[in-house]
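All values below come from the heavy atoms of this structure, side chains included, with hydrogens, waters and symmetry mates left out. Letters A, B, ... are given to chains in the order of the sequence lines, protein chains preceding strands, and every chain is numbered from 1.
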Amino acid sequence: MKLATWNVNSLAVRLPQMLDWLQTHPVDALVLQETKLTDDKFPAAEIQAAGYHVHWFGQKTYNGVALISREPVAADTVLRNIPGFPDEQARVIAGTLGSLRVIGAYFPNGQAPGSEKFAYKMAWLEALRAWVAEELKQHAELVLMGDFNIAPEDRDVYDPVAWADQIHCTVEERAHFQALLGLGLVDAFRLFEQPPKSWSWWDYRNLAFRKNQGLRIDHILVSEALRGRVSACEIDKQPRRNERPSDHAPVVLSLGS
DNA sequence: ATGGTCGGCCACCGA
């Protein structure tokens with residue numbers, strides 16, 4: 001089976017591109033971030049007409065996530081945001097597909113080290129880790145994927161010197177990423193040899209995509225029980241070449257039986 | 001050439 005994550009940066013703008021992509025990449029599940037839609041405006045009918053089931057969780061203007069799947073995800077398995085962590089911001093959606101627990105997340109950006117938004121990012125990361133630890137007790141087969149807004153290592157950054165201690169690259173953010181791995185999760189992308197300078201996000205500014213100046217901040221983490229079944233994990237740069245692209249590329253995971 | 005972007009939504013903020 002195939003699973004994917006994509007920060008679409010406004011589903012209202014990107015819906016046609018997303019449906020096109022699903023046609024050529026018929027994944028079993030796709031999690032979206034930054035839908036930027038209130039729930040009443042979510043294009044469920046269009047997604048269902050394309051042959052998919054979907055659960056969604058949004059808000060006005062910012063954030064917003066969705067879980068799209070070929071097979072239905074039972075509503076009583078769906079969680080929105082982190083239990084016990086009151087949050088105005090719609091960032092997490094989880095659901096169960098067969099024996100597989102799928103968590104899609106839009107991690108806080110954090111703006112800049114020392115800012116209020118950075119403090120929120122740290123608190124959110126702490127709550128996420130504690131919750132995912134609980135989820136792992138109930139679901140041996142678990143995938144955590146989304147826009148982490150963390151570049152785990154210097155090789156995930158086009159200019160690690162310029163980005164040293166900047167947002168996405170601080171010691172604190174990287175420690176949180178490692179703590180997630182410490183729960184027994186594996187960065188599926190790094191299970192394989194990958195092209196050097198593999199990024200998942202390129203700033204709209206400064207011709208960053210043309211110059212391949214990006215960061216790898218979108219990730220798919222899999223639990224130990226799934227590790228042996230992972231047959232591929234790739235970033236699909238093609239949609240970033242579209243007209244009016246998202247600034248993020250999808251990341252795709254292939255899982256054997 | 002030292003700037004150069006988007007999206008949401010209308011004056012800027014957030015990324």
Side-chain angles (χ1 to χ4, degrees), chain A residues 5-21 31-43 46-47 56-66 81 87-93 104-125 128 145-152 156-170 172-174 176-177 199-219 235-251:
Chain A
T5 176
W6 194 3
N7 180 325
V8 291
N9 185 21
S10 169
L11 188 57
V13 173
R14 234 66 68 187
L15 179 65
Q17 290 181 43
M18 191 208 73
L19 293 174
D20 283 350
W21 189 84
V31 291
L32 304 179
Q33 302 89 40
E34 287 206 87
T35 56
K36 297 187 176 178
L37 291 169
T38 52
D39 288 342
D40 59 304
K41 297 217 169 67
F42 191 86
E46 289 89 336
I47 293 168
W56 60 96
F57 179 42
Q59 65 180 95
K60 189 176 161 64
T61 308
Y62 303 117
N63 309 312
V65 287
N81 271 356
D87 196 346
E88 305 284 299
Q89 306 183 27
R91 295 187 172 278
V92 179
I93 190 159
Y106 176 47
F107 290 43
N109 175 286
Q111 194 175 54
S115 67
E116 271 184 38
K117 292 193 176 78
F118 190 82
Y120 165 73
K121 183 174 195 172
M122 292 297 115
W124 189 94
L125 284 163
L128 178 80
M145 56 185 172
D147 175 359
F148 283 50
N149 274 313
I150 301 173
D156 300 311
V157 181
Y158 72 95
D159 186 347
V161 174
W163 280 79
D165 304 316
Q166 302 301 304
I167 198 63
H168 310 307
C169 303
T170 64
E172 294 97 320
E173 292 164 278
R174 288 177 170 178
H176 271 289
F177 189 87
W199 325 125
S200 68
W201 169 82
W202 300 258
D203 201 306
Y204 285 124
R205 294 166 286 192
N206 309 321
L207 305 173
F209 185 68
R210 271 185 40 147
K211 297 190 276 191
N212 197 30
Q213 297 181 339
L215 307 178
R216 191 177 72 95
I217 55 177
D218 300 84
H219 306 295
I235 298 167
D236 181 8
K237 283 176 76 166
Q238 196 57 42
R240 189 64 177 79
R241 301 187 178 103
N242 291 347
E243 278 188 47
R244 285 191 93 184
S246 169
D247 45 352
H248 294 254
V251 186

Tabulate protein N/O versus nucleotide N/O from nucleotides 6-10 of chain B, keeping only pairs under 3.5 Å, one per line.
residue : atom : partner : partner atom : Å
B/dG7   : OP1  : A/R14   : NH1          : 3.0
B/dG7   : OP1  : A/R14   : NH2          : 3.4
B/dG7   : OP2  : A/R244  : NH2          : 3.2
B/dG7   : O3'  : A/S10   : OG           : 3.2
B/dG8   : OP1  : A/S10   : OG           : 2.1
B/dC9   : OP1  : A/K60   : NZ           : 3.3
B/dC9   : OP1  : A/T61   : OG1          : 3.0

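Each of A/Y106 and A/D203 was matched to the nucleotide of DNA chain B holding its nearest heavy atom; the match closer to the 5' end belongs to A/D203.
Straight-line distance from the CG atom of A/D218 to the C1' atom of B/dA15: 13 Å, rounded to whole Å. The nearest whole Å value for the distance from the CG atom in A/N206 to the P atom in B/dA1 is 18 Å. Residue A/R91 contributes atom CZ, which lies 11 Å from atom C1' of B/dG14 at whole-angstrom precision. For the pair A/K211 NZ and B/dG4 C1', the interatomic distance rounds to 8 Å; values are reported in whole Å. The distance from atom CH2 of A/W201 to atom C1' of B/dT5 is 11 Å, rounded to the nearest whole Å. In this entry the distance linking CH2 of A/W163 with P of B/dA15 reads 13 Å, nearest Å. Taking atom CZ of A/R205 as the reference point, atom P of B/dA15 lies 12 Å away to the nearest angstrom. Distance CD (A/Q33) to C1' (B/dA15): 14 Å, rounded to an integer number of Å.
For A/Q17 and A/N242, the side-chain atoms include at least one donor-acceptor pair closer than 3.5 Å. A/D218 and A/W201 are not linked by any side-chain donor-acceptor pair at a separation below 3.5 angstrom, with hydrogens and angles left out of the test.
Using atom C1' as the reference point in both B/dG7 and B/dA1, the two lie 28 Å apart (nearest Å). Across the C1' atoms, B/dT2 and B/dC6 are found 22 Å apart, a figure rounded to whole Å. If you take atom P in B/dA15 and the same atom in B/dC9, they sit 15 Å apart, rounded to whole Å. A distance of about 16 Å separates the C1' atoms of B/dC10 and B/dG14, rounded to the whole Å.
What you find for A/W21 and A/D236 is that their closest heavy atoms are NE1-OD2, 2.8 Å. The shortest non-hydrogen separation linking A/V157 to A/R174 is CG2-NH2, 3.8 Å. Contact record, A/K237 with A/A249: CA-CB, 4.3 Å, taken as the closest heavy-atom pair. Summarising the geometry of A/Y120 relative to A/R91, their closest heavy-atom pair is OH-NE, 3.0 Å, with the distance given to 0.1 Å. Closest non-hydrogen pair, A/P113 versus A/T170, comes out as CG-CG2, 3.5 Å.
The main-chain N or O of A/A151 is never found under 3.5 Å from a side-chain atom of A/R216 such that the two would form a donor-acceptor pair.
For A/R210, the CZ atom sits in a loose shell: 12 or fewer heavy atoms of surrounding residues, nucleotides or ligands are nearer than 6.0 Å.
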- [ ] Would you sketch DNA chain B in dot-bracket for me? Only Watson-Crick or G-U wobble pairs with both distances under 3.5 Å count, crossing pairs as [ ], other-strand pairs as |, the rest as dots.
- [x] ....((((...))))
